[in-house]
Amino acid sequence: YTKGHSSNVAEIALNIAKKMMMSQEDMEKIFWAGLLHDIGKILIPTDILNKPAKLTYQEYEEVKKHPTYGYDILSKSKIAFIFRLSNKGI
């Protein structure tokens with residue numbers, strides 16, 4: 001589910017960026033952001049992500065943490081380093 005969803009988000013975001021006539025560099029960043037936007041979900045227990053029933057309050061609170069988890073993961077990654085360099089024009 002997540003892979004297909006992230007690919008769709010990346011493609012839609014890229015199409016919007018193209019219509020906005022953004023630079024190639026910005027379009028690449030937007031595409032990657034779409035692919036990686038849910039990466040924090042890898043730290044959410046699978047039984048919560050795949051639960052067929054309604055989530056409990058506590059489970060939903062855990063799912064809502066995935067953007068923070070994603071930030072923590074990516075801020076320490078080589079990808080974040082590359083994006084920081086490109087934002088500085090290096």
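Numbering starts at 1 and runs along the sequence shown.
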Query raised in the report: How many angstroms lie between CD1 in I30 and CG in L14, if you round to the nearest 0.5 Å?
Result: 8.0 Å
Report summary line: One should read off an interatomic distance between L35 CG and H5 NE2, to the nearest 0.5 angstrom, of 11.0 Å
Query raised in the report: How far apart are the C-alpha atoms of E61 and K65, what are their side-chain angles, what is the distance that settles it, and do they pass the salt bridge (charged side-chain N to carboxylate O under 4.0 Å, His left out) test?
Result: CA-CA 7 Å; E61 289 301 308; K65 295 177 185 176; over 6 Å; no
Query raised in the report: Can you hop from Y69 to Y71 via hydrophobic side chains spaced under 4.5 Å?
Result: no
Query raised in the report: Can you hop from W32 to M20 via hydrophobic side chains spaced under 4.5 Å?
Result: yes
Report summary line: Closest non-hydrogen contact found for F31 with A10 is O-CB, 3.4 Å
Requested in this report: Check whether any side-chain heavy atom of T56 lies under 4.5 Å from a side-chain heavy atom of K51, and answer yes or no.
Outcome: yes
Query - side chain to side chain contact (heavy atoms under 4.5 Å, CB included) involving I48 - partner list, sequence neighbours excluded - result: I44, P45, L55, E59, E62, V63
Report task. Determine, using ring centers only, whether H66 and H37 are less than 6.0 Å apart. Result -> no
Query raised in the report: If only atom types and distance count, is the side chain of N8 paired as donor or acceptor with the main-chain N or O of G4 below 3.5 Å?
Result: yes
Report task. Could you state whether Y60 and L49 fall into the same hydrophobic cluster, counting links through intermediate Ile, Leu, Val, Met, Phe, Trp or Tyr residues with side-chain heavy atoms under 4.5 angstrom apart? Result -> yes
Query raised in the report: For the atom pair CD1 (I73) and CD1 (I42), what is the distance rounded to the nearest 0.5 Å?
Result: 4.0 Å
Query raised in the report: What's the spacing between E11 CD and S6 OG if we round to 0.5 Å?
Result: 12.0 Å
Report summary line: To the nearest 0.5 Å, atom CD of E28 lies from atom CD of E25 at 7.5 Å
